[in-house]
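Accompanying notes for the structure given below.
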Number of protein chains: 2
Amino acid sequence: MALTRQKIVDTALEILRSYGLADLSMRRLARDLGVQPGALYWHVKNKQELLVVLAERILEPVKVGDAGGDPDGAVRRSAQDLRAALLAVRDGSDVVSLAQALAPESLTPLSGLAALLTESGLSELHAHWGAKSLTHYILGAVAEEQTRAELARSGLLEPGPDSDTDGEEFLFGVNTLLAGLEVHRTR
Amino acid sequence: MALTRQKIVDTALEILRSYGLADLSMRRLARDLGVQPGALYWHVKNKQELLVVLAERILEPVKVGDAGGDPDGAVRRSAQDLRAALLAVRDGSDVVSLAQALAPESLTPLSGLAALLTESGLSELHAHWGAKSLTHYILGAVAEEQTRAELARSGLLEPGPDSDTDGEEFLFGVNTLLAGLEVHRTR
DNA sequence: ACCTGAACACCGTTCAAGT
DNA sequence: ACCTGAACACCGTTCAAGT
C-alpha cells in the first residue's frame with residue numbers, strides 16, 4: 001500500500017509511544033513500514049523535520065484556551081495540559097525540546113502563553129520573557145519526570161513513591177513563576 | 001605516551017570546545033588520541049560516564065558561594081556564574097542537561113542553590129523545589145541561547161542583534177522565580 | 001511519481017589476542 | 001595492566017536505476 005507522509009508520522013509516533021526516542025531511527029521506521037530507508041526521504045526532508053512534526057502532534061491536544069477573565073488560571077490550566085500532553089508520549093518532552101531547538105517558531109503554545117500573560121497586564125516584552133521562562137521550566141520539569149520514568153523502566157532506579165507529588169511540585173513551579181510575574185503587572 | 005583518564009577527558013573537552021557535541025564521538029576521540037576506539041573503554045566505562053565527567057568539569061569554575069547575609073543576591077550571582085560557565089563551552093548546557101538526566105546526584109550546583117534558599121527562609125521542601133525550578137530554568141534558557149548560536153554558526157540564522165539582551169532576559173527569569181519564592185518565606 | 005538497491009561515511013561497544 | 005584488531009549491530013542520507 002502506498003507510503004504516505006501520514007503513515008510515516010503515525011508509525012513514528014507508535015514507535016515513540018512503545019519504545020521511546022532511542023529506538024526511533026529512520027531505518028527502524030522504514031523496517032516497520034516494510035520499505036527501504038531511502039523511500040522515507042521522498043515524503044520527509046530528513047529526521048529533524050519528522051521530529052518537528054511529531055512534536056506538533058504531541059502538542060495538538062493542548063489548546064492554550066483564552067482567558068475568560070482569569071488569565072492566571074488559564075496559564076495554570078495550560079501548563080498542566082502541556083504537562084499531560086508531554087507525559088502521554090514516551091520521551092515526549094525530549095522530542096518537543098528538540099523540535100523547539102530545531103524550529104523555534106513552529107511550536108504554538110509559547111505564543112499562546114505570551115498572549116495570556118499580556119492579557120494579565122504585562123508589557124509585550126515581559127509577557128514574552130515570562131512565556132519563555134514558563135516554557136523552559138515546563139520542558140525541564142517534565143523531562144526530569146520522564147527521565148526518572150525511563151530509568152525506573154530499565155531497572156536502574158527503584159520505582160520510588162509513585163504518588164503524584166510530581167504534579168504538586170510541577171504546580172509549585174508554575175505558581176512561583178506566576179507570583180513572580182505579579183510584580184511587573186501594570187493593571 | 002600512556003593513555004590516561006585525564007588525557008581522555010581533556011581531549012574530549014577540546015573537541016567539545018572546538019567542534020561541539022555532535023562531533024564528540026568515541027571514535028573521533030580515539031582518533032585524536034592516536035589510539036584504537038576500544039582502548040578508551042579500559043579507562044572509561046562508556047560514553048555516558050564520560051559526559052558526566054565533562055559536565056563536572058564544565059561546572060567546576062562555579063562555586064555556589066555562601067550567602068553572606070544576602071541569600072537572594074548569592075542565588076542571583078550563582079545563576080549568572082552558572083550561565084557563564086555553560087556558555088564558555090560549546091553545547092555546554094546540552095552536556096550538563098544530559099549529565100543531569102544520567103546522574104541526577106552527581107551535579108553539585110543544585111544542592112548549593114537549595115542550601116541558599118533554605119537560608120533565605122524557605123522550608124526544606126520549598127527550597128528543594130525552588131532550586132529545581134531554577135535549575136530547569138537556567139538549563140533551558142542557556143540551551144536556547146546556545147542553540148541560536150549553533151544555528152547562527154551554521155548560517156541557518158541571521159546573527160541577530162548581538163547585544164546582550166540575553167543577559168537581561170536571563171536575569172529577568174531568575175528574578176521572577178526569586179520574587180515568586182518570596183511568598184513562601186517564613187522569615 | 002514513487003520506490004529499490006546499493007553505497008558512503010559514520011556510530012558505541014565488546015573481546016580475543018597480543019605485549 | 002593496557003592496548004590492538006577485528007568484529008557486531010547499528011546509524012542518517014544520497015542517488016542511480018528501475019517501475
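Note that this is a predicted model, so its numbers are computed, not measured. Only this structure's heavy atoms are used, side chains among them; waters, hydrogens and symmetry mates stay out. Letters go in sequence order (proteins before strands), and every chain restarts at 1.
Residues forming a salt bridge (Lys or Arg N to Asp or Glu O under 4.0 Å) with B:E49 (at least two apart in sequence, or on another chain): B:R5. Partners of A:D81 by salt bridge (Lys or Arg N to Asp or Glu O under 4.0 Å), not counting sequence neighbours: none found. With sequence neighbours left out, A:S111 forms a side-chain contact (heavy atoms from CB on, under 4.5 Å) with no residue at all. Contacts of B:E144 classified as salt bridge (Lys or Arg N to Asp or Glu O under 4.0 Å), with partners at least two apart in sequence or in another chain: A:K132, B:R148. Contacts of A:S133 classified as side-chain contact (heavy atoms from CB on, under 4.5 Å), with partners at least two apart in sequence or in another chain: A:L177, B:Y137.
Among residue pairs with one or both ends in residues 85-135 of chain B, those qualifying as ring-ring contact (aromatic ring centres under 6.0 Å, His included) are A:F172-B:H126, A:F172-B:W129, B:H126-B:H184; sequence neighbours excluded. Applying the salt bridge (Lys or Arg N to Asp or Glu O under 4.0 Å) rule to pairs touching residues 24-36 of chain A yields A:D23-A:R28, A:R28-A:D32, sequence neighbours excluded. Within the structure, salt bridge (Lys or Arg N to Asp or Glu O under 4.0 Å) contacts touching residues 84-106 of chain A (residues at least two apart or in different chains) are A:R90-A:E150. Residue pairs meeting the salt bridge (Lys or Arg N to Asp or Glu O under 4.0 Å) criterion with at least one partner in residues 50-61 of chain B, sequence neighbours excluded, are B:D10-B:R57.
Note: CZ (A:R28) to P (D:dC11) measures 9 Å, nearest angstrom. A:Y41 has its OH atom 4 Å from the P atom of D:dT13, to the nearest Å. Atom pair A:L33:CG and C:dC3:P shows a separation of 10 Å (rounding to whole Å applied). Between the CG atom of A:L3 and the P atom of C:dC3 there is a distance of 5 Å, rounded to whole Å. Note: CG (A:L21) to P (D:dG12) measures 11 Å, nearest angstrom.
Remark: the separation of the C1' atoms in C:dC8 and D:dC10 is 15 Å, to the nearest Å. A distance of about 13 Å separates the C1' atoms of C:dA17 and D:dC2, rounded to the whole Å.
A salt bridge links B:R185 with B:E182: at least one charged nitrogen is closer than 4.0 Å to a carboxylate oxygen.
Not one side-chain nitrogen or oxygen of A:H43 sits closer than 4.0 Å to the OP1 or OP2 atom of C:dA1. Close to D:dC3, at under 4.0 Å from its OP1 or OP2, lies no side-chain N or O of B:W42.
More than 12 heavy atoms of other residues, nucleotides or ligands sit less than 6.0 Å from atom NZ of A:K7.
Using a 4.0 Å cut-off on heavy atoms, the residues of residues 45-54 of chain B that approach DNA chain C are B:N46, B:K47, listed by number.
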Problem set entry | DNA chain D base-pair string [pairs: Watson-Crick or G-U under 3.5 Å; |: paired with another strand] | ||.|||||...|||||.||

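Nearest-nucleotide assignment on DNA chain C puts the 5′-proximal partner with A:A2, out of B:M26 and A:A2.
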For this session: Summarise protein proximity over nucleotides 4-10 of chain C in one line of letters, 5' to 3': B for base, S for sugar-phosphate only, - for none, counting protein heavy atoms closer than 4.0 Å.
Result: BS-B---

